[in-house]
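Protein chains get the first letters and strands the later ones, always in sequence-line order, with residue 1 at the start of each. Hydrogens, waters and symmetry mates are skipped; everything else that's a heavy atom, side chains included, is used.
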There are 2 protein chains.
Amino acid sequence: MAPSEAVVHAWTRLERAHRAALPTVEDRLKAAGLPPLAWYDVLLELERAGAAGLRPFELQKAMLFTQYNLSRLVDRMSAKGYVARAASAEDGRGQLLTITRAGRALRRRAWPVYAAAIDAAVGAHLSDAEARTLGDLLRKLY
Amino acid sequence: MAPSEAVVHAWTRLERAHRAALPTVEDRLKAAGLPPLAWYDVLLELERAGAAGLRPFELQKAMLFTQYNLSRLVDRMSAKGYVARAASAEDGRGQLLTITRAGRALRRRAWPVYAAAIDAAVGAHLSDAEARTLGDLLRKLY
DNA sequence: ACGCACTAGATGCGATTGCATAGAAATGGA
DNA sequence: TCCATTTCTATGCAATCGCATCTAGTGCGT
């Protein structure tokens, strides 16, 4: 109930680190004429899912997105032709999302920009060992 | 330019940890009838600044907020009577923001809820030593 | 088969964000 | 001093988010 000072500090810095790093990445993507980060994440998940595709609710849980935000994000992405929506075979309510060829191309094109941005936002500040420790600790939070 | 795998993992987990923790905190504040987290941060900064107050651009840099978002946040907060806007004495363009009595009261009232939320989102998952290490590593990112 | 609670997903509407730009005052030369 | 540049803050407008709710299917108990 009453967090220790170390916990409060960790929280505060999580907030600030995120507020510093995210715009760095988003700005670089935008500067390269690429869509926002969330689009990349969706494409990556769908690409990993392969031909089997993913249901929106699975994507939602994987990405920790709200239901309505994912619904609209998929709207935008399918309007641009990066993801395909098909009726689910097993569930009459549901859909099955798959990445399109254009989606794969976009993800491939975005990766170098994204990678450079990650390096600028994170890699430039930490040694590899530190990055590993940081990742391990953050993993415990969710 | 090409981040190591450890760096990419750290980035990914930073994103996810933040997406998990932030809604936890925001939801609890809302459930208690309190305003969003950003309001708390503003009140805290202004309270620390004391009677001298802070200029909007100082607050903006301290909080890593965009200029227009801070401008509008201050609009809302001063409309509710939590912060006071006064013309700056030294700079004819600028303002001087101070926290009001009501603002201090709100912050005091919000803290127990916020503290419990931080503990749920962070403290529950980490030992104190881990929290300290995490805080130190995150500090390097900004 | 029926009724009912639950899940999947979409959507109207108001609030907030992001972008671009405006306006007004300070600052730094020539 | 005068002009150009930069800094500080606000704002119109479009895009996105958050909330509440809706529709359609599913699945279970009887």
Listed nucleotide nearest any side-chain atom of [X], set [options]:
| X | options | result |
| --- | --- | --- |
| A:Gln67 | C:dA10, D:dC8, C:dA20 | C:dA10 |
| A:Asp91 | C:dA10, C:dG9, D:dT26 | D:dT26 |
| B:Arg55 | D:dC8, C:dA20, D:dG18 | D:dC8 |

Less than 4.0 angstrom between a side-chain N/O of [X] and OP1 or OP2 of [N], yes or no?
| X | N | value |
| --- | --- | --- |
| A:Arg76 | D:dT16 | yes |
| A:Asn69 | D:dG18 | yes |
| B:Arg72 | D:dG12 | no |
| A:Ser71 | C:dG9 | no |
| A:Tyr68 | D:dC19 | yes |

Test item: [X] side-chain N/O and [Y] main-chain N/O as donor-acceptor pair under 3.5 Å:
| X | Y | value |
| --- | --- | --- |
| B:Thr100 | B:Tyr82 | yes |
| B:Arg55 | B:Gln95 | yes |
| A:Ser71 | A:Gln67 | no |
| A:His9 | A:Glu5 | yes |

Atom-pair distance ([atom1] on [X]; [atom2] on [N]), nearest Å:
| X | N | atom1 | atom2 | value |
| --- | --- | --- | --- | --- |
| A:Gln60 | C:dT7 | CD | C1' | 11 Å |
| A:Phe65 | C:dA8 | CZ | P | 18 Å |
| B:Glu90 | D:dT7 | CD | P | 18 Å |
| B:Met77 | D:dT9 | CE | P | 16 Å |
| B:Leu37 | D:dG18 | CG | P | 14 Å |
| A:Leu64 | D:dC17 | CG | C1' | 17 Å |
| B:Leu70 | D:dT9 | CG | P | 9 Å |
| A:Gln95 | D:dG25 | CD | P | 13 Å |

| field | Axis deviation across the helix from C:dA1-D:dT30 to C:dA30-D:dT1, five-pair ends, to the nearest 10° | value | 20°
| Can we say B:Lys30 and B:Glu26 salt-bridge, meaning some charged N sits less than 4.0 Å from an Asp/Glu carboxylate O? | no
| Do you know which of A:Leu37, A:Leu54, A:Val74, A:Leu59 makes side-chain contact (heavy atoms from CB on, under 4.5 Å) with A:Val42? | A:Leu59
| query | Toward the 5' end of DNA chain D, which comes first, B:Gly94 or B:Asp27, by nearest nucleotide? | reply | B:Gly94
| said: Here's a test of your reading of the structure: between B:Pro36 and A:Phe57, which maps to the more 5' nucleotide of DNA chain C? | reply: A:Phe57
| message | If you assign each of A:Arg93 and A:Lys30 to its closest nucleotide in DNA chain C, which residue comes earlier from the 5' end? | response | A:Arg93
| request: Look at all strands and tell whether A:Asp75 reaches a base, only sugar-phosphate, or nothing, counting heavy atoms closer than 4.0 Å. | output: nothing
With a cut-off of 3.5 Å and sequence neighbours excluded, list every side-chain donor-acceptor pair involving residues 132-142 of chain A.
| unit_1 | atom_1 | unit_2 | atom_2 | d |
| --- | --- | --- | --- | --- |
| A:Thr133 | OG1 | A:Ala129 | O | 3.1 |
| A:Lys140 | NZ | B:Glu130 | OE2 | 2.7 |

Considering only distance and modelled atom types, tabulate donor-acceptor pairs under 3.5 Å from the side chains of residues 107-118 of chain A, sequence neighbours left out.
| unit_1 | atom_1 | unit_2 | atom_2 | d |
| --- | --- | --- | --- | --- |
| A:Arg107 | NE | A:Glu47 | OE1 | 2.4 |
| A:Arg107 | NH1 | A:Tyr40 | OH | 2.7 |
| A:Tyr114 | OH | B:Trp11 | NE1 | 2.6 |

